[in-house]
Amino acid sequence: MRDRTSPRHHPHHDAPDTADRFRRLSALPPGPAREALRSELVEAWLPMADRIAGRFRDRGESLDDLRQVAALGLVKAVDRYDPDRGHAFESYAVPTVTGEIKRHFRDHLWTLHVPRRVQELRNRVRVAGQELASTSGGQRPTVADLAAQAHLSEDDVVAGLQALDSFSALSLDAELPGSEDGYSLADALGSPDAALDTVVDREAVKPRLAALPERERAILYMRFFGDMTQSRIAEQLGISQMHVSRLISRCCDRLRDEILRDEILGDDVLPEGVARSEGGPAGVLPERAGRDRAVRGTA
């Protein structure tokens with residue numbers, strides 16, 4: 001009895017008559033003879049695996065790699081095929097090899113991690129779009145058209161359409177379409193703004209500046225906003241430069257300590273004009289040179 005996969009009974013030229021060899025393979029015990037026959041069967045069916053791999057060309061993977069994946073699927077099919085079930089080997093091998101290639105695309109070629117269900121929706125939407133394109137006279141199908149063609153809900157169609165652009169990612173260095181000056185996607189991305197920390201510090205220090213005595217506020221204003229030297233401030237106020245230096249250091253330390261204490265305790269910022277009592281032992285609060293400079297600059 002001839003194998004149903006023989007060329008006389010099957011349209012594919014790459015389907016050899018191997019029924020007898022598969023029956024002998026299933027009866028052989030593990031050993032060199034079985035491995036040799038196994039290799040012979042794999043080699044005989046490699047043209048079929050190559051044909052299946054060719055169906056997936058031009059999808060982002062080289063044909064040589066696809067052939068290797070298809071050959072792996074063929075080996076699995078040869079090892080798992082049971083001739084006693086009465087089915088031709090090709091009817092078992094084709095879905096096995098095809099599934100191996102699809103699994104390769106799913107697990108190794110997606111740049112972004114997309115759930116398997118969404119990948120399947122993408123394929124159904126893509127096929128539905130191709131079918132509609134051939135009958136719609138070049139008009140782009142709507143979501144409703146795709147949903148009716150693929151027998152999906154419109155939400156599923158939207159998810160599939162979004163996944164169409166998730167198979168590969170655009171390089172940040174790639175030139176944007178329509179750009180004539182080499183403008184890339186990386187040029188359109190934002191970056192951290194160092195001035196934001198200054199804004200936060202300035203808002204945190206405002207009510208505490210308002211709570212300082214008038215003379216301390218005036219000294220800080222002349223020093224940091226009027227850009228006056230300590231000598232000029234001392235001359236204008238009629239006090240010594242050393243006194244001015246001590247007042248500036250004390251005010252800045254007080255503002256810094258109150259802000260840091262609120263950060264640790266989670267207190268709200270005081271409203272303007274409300275003073276906060278200085279409590280707690282000196283040296284308890286941590287030193288932060290960067291914040292100290294920011295508070296001094298804000299003051």
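Heavy atoms only: backbone and side chains are in, while hydrogens, waters and symmetry mates are out. All of these numbers come straight from a predicted model, not from anything done at the bench.
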So, [X] side chain and [Y] main chain: donor-acceptor pair closer than 3.5 Å or not?
X	Y	result
Arg217	Leu212	yes
Thr98	Val94	yes
Ser91	His87	no
Asp145	Thr142	yes
Ser26	Arg23	yes
Ser240	His243	yes

Are the charged groups of [X] and [Y] less than 4.0 angstrom apart, N to O?
X	Y	value
Glu120	Arg124	no
Arg51	Glu90	yes
Glu35	Arg38	yes
Asp156	Arg117	yes
Asp253	Arg250	no
Arg232	Glu235	no

Between [atom1] on residue [X] and [atom2] on residue [Y], distance to nearest 0.5 Å:
X	Y	atom1	atom2	result
Tyr81	Tyr92	OH	OH	10.5 Å
Ile52	Leu74	CD1	CG	8.5 Å
Ile101	Thr96	CD1	OG1	11.5 Å
Ser62	Arg57	OG	CZ	11.0 Å
Leu220	Cys252	CG	SG	5.5 Å
Gln230	Ile233	CD	CD1	7.0 Å

Can you give me the closest heavy-atom contact between [X] and [Y], atom names plus distance?
X	Y	answer
Ala49	Ala70	O-CB, 3.5 Å
Ala44	Arg21	CB-NH1, 4.5 Å
Leu63	Ala53	CD1-O, 4.0 Å
Gln149	Ala128	CG-CB, 3.7 Å
Pro141	Leu132	CB-CD1, 3.6 Å

> Quick one: does Lys76's side chain get under 4.5 Å of Val97's, heavy atoms only?
Replying inline: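 Lys76 vs Val97: side chains apart.
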> Would a 4.5 Å heavy-atom cut-off, applied to side chains only, mark Thr18 and Glu40 as touching?
Replying inline: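 No; the side chains remain at least 4.5 Å from each other.
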> After noting the C-alpha distance and the side-chain angles of Phe56 and Lys102, does the key distance pass the side chain to side chain contact (heavy atoms under 4.5 Å, CB included) rule?
Replying inline: CA-CA 9 Å; Phe56 295 87; Lys102 290 182 177 180; 4.2 Å; yes
Mind checking whether [X] and [Y] sit in one hydrophobic cluster, side chains of I, L, V, M, F, W, Y counted as touching below 4.5 Å?
X	Y	result
Leu152	Val127	no
Ile239	Ile248	yes
Trp45	Val42	yes
Leu196	Val205	no
Leu72	Leu66	no

> Does atom CG of Asp227 have more than 12 heavy-atom neighbours, drawn from other residues, nucleotides or ligands, at distances under 6.0 Å?
Replying inline: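 Counting other residues, nucleotides and ligands, CG of Asp227 stays at 12 neighbours or fewer.
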> Is Gln130 atom CD crowded by more than 12 heavy atoms from other residues, nucleotides or ligands, each under 6.0 Å away?
Replying inline: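 It does: Gln130 CD has more than 12 such atoms within range.
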>> Assess the residue pair Val78 and Phe22 against the criterion (side chain to side chain contact (heavy atoms under 4.5 Å, CB included)); give the C-alpha distance rounded to whole Å, side-chain angles, the decisive distance to 0.1 Å, and a yes or no.
In response: CA-CA 8 Å; Val78 170; Phe22 269 112; 4.1 Å; yes
